[in-house]
Each structure stands twice: as C-alpha cells, then as structure tokens.
Amino acid sequence: MASHTDEKGQLSLYQLENELPGVLRTSSNSPLTPISIEKAGSLNDSAPEGGEPETAEVLKSSRLAAALLAERPSVYSFQMLKLWAVLFVAYQCSAQNGFDANTFGGVSAMPNFKKQFGVDQGTTQGFLAAIYVMGNVVGSFVAGPNADRYGRRFGMFTGSVVSLIGAILQTAAQKEAHIIAGRVTLGVGAVLLGPAGQAYTIEMAHPAYRGIMGGMYQVCFFLGTIISTWLEFGLSYYGGTSTINWRLPMAIQALPALVVLTFVYFIPESPRWYISRGEPDKARAILVKYHGNGNPDSEVVRLEMDEMREVINTGGSDKRWWDYRELFNSREARYRSFLVGCIAFFGQLDLPPTSYYFPLMVQTAGIASEQIQLLLNAIQTPVMMASSLAGIQFIDRFGRRKLLMVSSLFMTISVAVIIGATATQAGHPGIGILGIAFIYVFLVSFAFAWTPCQCLYPTEVLAYNARAKGLGMYGLFQNIVTFINTYAAPVGIDNDSWRFYFLYLVVDAVGILVIYVFFVETKGRNIEEMEAIFKEKHPVRASLAKQKVMVSPQEERGVEV
C-alpha cells in the first residue's frame with residue numbers, strides 16, 4: 001500500500017479516511033472512524049522488523065480533529081481576522097450586560113444619586129439593582145423564539161433596539177419610577193441579546209478555535225464594566241450638585257447597542273440557521289468563506305455540512321415559538337437541560353454579586369472613602385478580564401471540566417478565607433484588607449474558567465433545534481438565581497454579616513462534585529458530534545474515552561482499544 005504520511009511521519013487525512021479502516025482492526029463494536037491524535041508521537045511504517053509497535057492516544061469517535069490535521073488555519077491569518085471582526089459584533093451583546101453590572105453598582109454609591117432616588121439602605125439598593133433582573137426574566141420567554149424564527153441577527157437587532165430605549169429612559173430619569181422603567185426595559189433588551197449573540201458566536205466560530213472564540217464572548221462582558229467603572233471613578237472627583245456624574249455613565253450603556261445596530265446586517269447569518277431553514281447553499285457559501293479559507297473543496301467545510309445535515313432537523317421545534325418539548329422529551333434532552341441549569345446556578349450563586357455590591361462589601365471591611373470604594377470597584381474588572389483572557393488560552397488544551405473544577409476549588413478556598421477575615425476584622429484593619437485581597441483572588445479564579453464557560457458550555461451541550469430556546473431557558477434560570485442573590489445579598493450582609501458567606505462556601509464546594517460527576521467534556525469535537533455523546537449510557541465516560549492505537553511494523557497490523 002502506498003504511503004500517505006506527511007514529512008513528519010504523521011497520519012495524513014487521506015490515511016485516516018481511506019487506508020486505516022482497511023488495515024486496522026478495533027476491539028470496539030463500531031468501526032474506527034477518523035480520529036483525533038492528541039499526543040505527540042506518530043504512526044508510520046519506519047519501525048524495524050520485529051520492533052515494538054508505535055502508539056498514540058486518540059479521542060474516541062471524533063472526526064473533527066482528523067479534518068483539522070490537514071486544515072488548521074492560523075488564528076491570526078487574514079481570513080481568520082475577518083471572522084474575528086464578524087464575531088466582535090456579536091460580542092457586544094455580552095458587553096451590553098457588562099455595562100449595566102458595574103454602572104449601577106458605581107452610581108448607587110454616589111451621594112447625589114442616593115439623595116435623588118432614596119438609595120440609602122441595602123433593601124432599596126437591592127430592589128433597584130434586582131429590578132433589572134426582573135426585566136431579564138420577562139424577556140427570557142421570547143428571546144429564544146425570536147432568535148429561532150427570524151434568525152440570530154434579528155435577535156441581536158431587536159435586543160439592541162430595546163436596550164437603547166432602556167438606556168435613554170435611565171439617563172433621563174427624574175423619579176424612582178423612571179429609573180425602574182428604564183431598568184426593566186434595559187433588562188428585557190439585554191436578555192433578548194443573549195440567546196441570539198451566544199448562539200451566533202458558537203455557530204460561527206471556527207471549529208479549530210471554538211474554545212477561544214466562544215470564550216471571548218463572555219470576556220467582552222468586561223469591555224462594558226471597565227469603561228463604566230473607570231468613568232465613574234473619574235467623575236467621582238467632579239463634585240458639585242450636577243447629575244452628570246451618574247447620568248453620563250448610564251448614557252454610555254447605549255454604546256454596545258449602537259455598535260450592533262450599525263453593523264449587524266453587514267455580517268453573515270449563522271450557517272446552521274440556514275440549514276434549519278432548508279437553505280444549504282447559503283450555509284455552505286458562508287462556511288467556505290470563513291472556515292474554508294475560500295476553498296470550495298475544504299475538508300472542514302464538507303465535514304461541517306455533513307454533520308449539520310445529519311443532526312439539524314428542518315422541521316424541529318425551533319420552527320414553533322410555543323414548542324419547548326425538545327428540551328425535555330428524551331433522556332439526553334433532559335441531561336442537556338440539567339447541565340444548562342447547573343451552569344446557571346453555580347455560575348451565579350458563587351459569591352454576592354460584587355459588581356453591584358463591591359462598595360458595600362468594602363465598606364463592611366472598614367473602608368469609608370467613596371473614591372477608594374470606587375477605585376477598588378474599578379480595579380476588579382481589568383483584573384478579571386486579564387484572568388479570563390489567560391483562561392481561554394487553556395480551555396481547548398485542558399478541557400472545560402478540568403478548568404471548571406480547578407477554578408471552583410480556588411473559589412471555595414477564597415470564600416473560606418473571606419469568611420474568616422470578615423469574622424475577625426473588628427479592630428484589626430490588616431485582616432480586613434486580607435479579606436478584600438481574597439475577594440480579588442476569588443474573582444481571578446472565577447474569571448479564569450467560569451467566565452468563558454458561561455457562554456461556551458451551555459451553547460455546546462444544547463442540540464441545534466433546542467439551542468436558542470435552551471439559551472433562553474438558561475437566561476431564565478440564571479436571572480432567577482441572580483434576582484434572589486442580588487436582592488438578598490445586601491439584606492443578608494446587613495443582618496448576618498460574615499455568616500451570610502457560608503451559603504456561598506457550600507455552593508462552591510458542592511459545585512466541584514457536580515462538575516466531576518455530571519459534566520461531559522466538549523473539547524475536541526464539533527458541536528454536532530455531541531449528539532452521539534449524549535445518547536451513550538454514560539455520557540461523561542463517553543466524552544472522556546480515548547483509544548490507544550497501536551501500529552505493528554509487521555504486514556499484519558491491528559488496533560487495541
């Protein structure tokens with residue numbers, strides 16, 4: 001048989017698809033499909049007669065990495081830079097949420113805002129912060145159907161229009177009722193952006209870099225928080241009786257919506273949405289341009305098209321706005337929905353929402369200066385963004401499960417130190433500072449893995465026909481937990497002080513166990529390949545399964561699994 005190994009002796013894509021099935025035997029019941037070679041070491045014919053067989057560890061049942069052996073573009077090639085630019089528009093959907101998170105936390109600490117709207121105690125602050133989440137909950141029920149029926153771009157467009165209206169209402173507010181109306185409207189708009197922006201990002205991302213491209217969606221949450229917190233810090237020195245120091249940050253919240261409205265119809269629609277609508281030619285053209293480097297014979301594009309046709313149902317429940325059955329109508333569907341709920345729960349109930357209450361938490365530690373409170377609030381966002389950017393570099397290398405467990409372990413340790421420091425800080429300023437320092441340790445640990453995975457993981461585990469509605473459900477779960485946490489945290493801190501943090505210690509510790517037992521691994525596979533994983537009797541075991549391929553130098557060669 002003629003050799004088709006490359007100059008380094010590694011298996012070529014031709015061998016994986018044409019030669020190996022004929023010359024290798026497997027002890028598994030299914031035929032050996034094209035596979036992902038995960039470790040160094042090659043398979044070749046150069047071993048001496050009678051020598052030891054060469055081995056390589058491979059990811060079981062994944063065809064994606066086989067195609068990428070031949071076609072793995074540089075993440076910073078010109079073609080990929082165009083894809084990054086397209087995805088940046090979708091990333092603004094995440095930035096929209098980021099603007100609100102820290103904007104309101106900062107302005108609620110400003111004396112003239114407190115005076116005008118009566119934000120003088122934890123209960124009032126909690127209500128005004130949480131009313132935004134109420135808007136999220138209301139919008140969650142229409143966000144998925146909106147992105148399914150009219151496309152991902154239309155979902156981003158409508159969410160941006162509503163968000164823009166909400167930002168205008170907040171900025172022009174004169175009474176508490178105006179602030180409430182603006183925050184509810186902004187909350188509805190932000191949640192409309194979620195399923196559309198998240199689904200678009202993962203569906204358009206190049207399969208070779210889905211981890212980093214998908215992870216960047218949630219990292220861009222910090223674009224909003226950095227701008228808003230540092231703007232508020234600067235305006236805190238403005239002084240006087242003018243309301244510009246809180247109105248300008250609220251006006252800036254319109255920025256992501258304006259970017260999306262300007263560019264959303266200049267970017268392509270999701271190819272998977274076109275497949276679901278029975279328009280494969282449009283889907284293929286987009287994939288050739290952005291995933292195939294303009295090559296109509298691209299193996300990656302062929303693989304993606306084949307898998308999408310196989311998995312995506314053109315008559316699925318995503319065509320019926322009222323039909324949520326595909327989230328619960330089978331064992332694998334319920335398993336997927338359970339994982340989405342876990343990400344929503346453990347990703348939100350891990351610590352009081354520091355973006356809203358950092359000034360309050362710092363004040364509890366004995367720091368009364370408004371400027372220092374705002375400065376510490378502003379510092380947390382670039383620190384978390386830097387940690388997230390570091391984390392996404394490893395997410396495709398080590399996998400989602402491993403990083404989430406390690407992250408949760410450090411979060412648990414951090415909360416334990418925060419509890420101890422807060423309980424003993426009276427009369428010991430140094431201990432109070434230690435508690436604040438470990439808030440930052442917690443935030444770094446959280447941002448390293450949980451921040452990118454909050455977008456990436458639920459989108460990966462959901463099947464296409466349930467994806468937008470599933471992400472809408474994810475938003476609903478997430479915002480119910482956030483609403484409770486946002487409203488209860490200041491009251492709990494006021495009433496129970498450091499004892500309130502024990503809730504988060506338990507949640508973070510339990511999260512480690514839940515991830516280990518239930519979370520499937522999604523790295524190294526196309527999102528359509530997850531269909532087979534969830535149909536296995538033990539999905540976690542199947543997602544982690546690898547094969548040892550052994551190639552004998554003799555004429556007769558075999559595979560051991």
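Numbering of residues begins at 1 and proceeds along the displayed sequence.
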Identify the heavy atoms of [X] and [Y] that sit nearest to each other, and give their distance.
X	Y	answer
Pro207	Val300	CG-CG1, 3.9 Å
Ala90	Gly197	CB-O, 4.1 Å
Ser163	Leu193	OG-CD1, 3.9 Å
Ile202	Gly214	CD1-CA, 3.6 Å
Gly341	Phe477	CA-CD1, 3.6 Å
Gln218	Cys455	OE1-CB, 4.0 Å

Polar side-chain atom of [X] near backbone of [Y] as donor-acceptor pair, under 3.5 Å:
X	Y	value
Gln380	Tyr440	no
Asp396	Gly211	yes
Arg336	Leu327	no
Ser445	Ser407	no
Lys523	Arg397	yes
Tyr474	Thr459	no
Gln478	Gln348	no
Ser543	Val540	yes
Ser408	Leu404	yes
Gln96	Gln92	no

Do [X] and [Y] have side chains that get closer than 4.5 Å, going by heavy atoms?
X	Y	value
Ser94	Gln454	no
Thr522	Arg401	no
Ile533	Arg525	yes
Ser388	Phe222	yes
Met213	Thr201	no
Val406	Phe398	no
Leu186	Phe99	no
Leu403	Cys453	no

Fit a plane to each ring of [X] and [Y], take the angle between them on a 0 to 90° scale, and name the class: parallel (under 30°), tilted (30 to 60°) or perpendicular (over 60°).
X	Y	answer
Phe519	Tyr457	parallel
Trp84	Tyr76	parallel
Tyr335	Phe338	perpendicular

How many angstroms lie between atom [atom1] of [X] and atom [atom2] of [Y], to the nearest 0.5 angstrom?
X	Y	atom1	atom2	value
Met384	Leu389	CE	CG	12.0 Å
Ile180	Met134	CD1	CE	11.5 Å
Leu443	Met411	CG	CE	9.5 Å
Ile227	Leu255	CD1	CG	6.0 Å
Gln198	Leu471	CD	CG	5.0 Å
Glu531	Ile527	CD	CD1	11.5 Å

(request) Decide side chain to side chain contact (heavy atoms under 4.5 Å, CB included) for Leu83 and His206; before the verdict, give the C-alpha distance in whole Å, the side-chain angles of both, and the deciding distance to 0.1 Å. (result) CA-CA 8 Å; Leu83 180 55; His206 195 286; 4.0 Å; yes
(request) Go through Met250 and Phe113 one step at a time and tell me if the side chain to side chain contact (heavy atoms under 4.5 Å, CB included) criterion holds. (result) CA-CA 12 Å; Met250 287 191 168; Phe113 183 86; 4.0 Å; yes
By the salt bridge (charged side-chain N to carboxylate O under 4.0 Å, His left out) test, which pairs, at least two apart or in different chains, include something from [range]?
range	result
residues 381-393	none
residues 196-207	Arg152-Glu203, Glu203-Arg467
residues 473-488	none

(request) Among Glu460, Glu529, Glu528, find the residue that satisfies the salt bridge (Lys or Arg N to Asp or Glu O under 4.0 Å) test when tested with Arg210. (result)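 That would be Glu460; it is the only one of Glu460, Glu529, Glu528 passing the salt bridge (Lys or Arg N to Asp or Glu O under 4.0 Å) with Arg210.
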(request) Carefully, step by step, assess Thr225 and Phe221 under the rule side chain to side chain contact (heavy atoms under 4.5 Å, CB included). (result) CA-CA 7 Å; Thr225 61; Phe221 177 92; 3.6 Å; yes
(request) Answer yes or no: are there more than 12 heavy-atom neighbours, outside Lys82 itself, under 6.0 Å from its atom NZ? (result)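 Enclosed: over 12 neighbouring heavy atoms sit under 6.0 Å from NZ of Lys82.
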(message) Would you say CZ of Arg541 has more than 12 non-hydrogen atoms from neighbouring residues, nucleotides or ligands within 6.0 angstrom?
(response)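 No - once you tally the heavy atoms of other residues, nucleotides and ligands closer than 6.0 Å, there are 12 at most.
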(message) Please report whether the ring centroid of Phe410 lies less than 6.0 Å from that of Phe448.
(response)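 No, the ring of Phe448 stays outside the 6.0 Å limit from the ring of Phe410, centre to centre.
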(request) Report yes or no: do Asn97 and Tyr132 form a side-chain donor-acceptor pair below 3.5 Å? (result)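 Side-chain D/A pair, Asn97 to Tyr132: present.
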(message) Using the side-chain hydrogen bond (donor to acceptor under 3.5 Å, both in side chains) definition, which of the options Thr412, Asn485, Asp350 pairs with Tyr504?
(response)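 Passing option: Asn485.
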(request) Would you please test Ser140 and Asn479 for side chain to side chain contact (heavy atoms under 4.5 Å, CB included) and show each step? (result) CA-CA 9 Å; Ser140 296; Asn479 287 302; 4.2 Å; yes
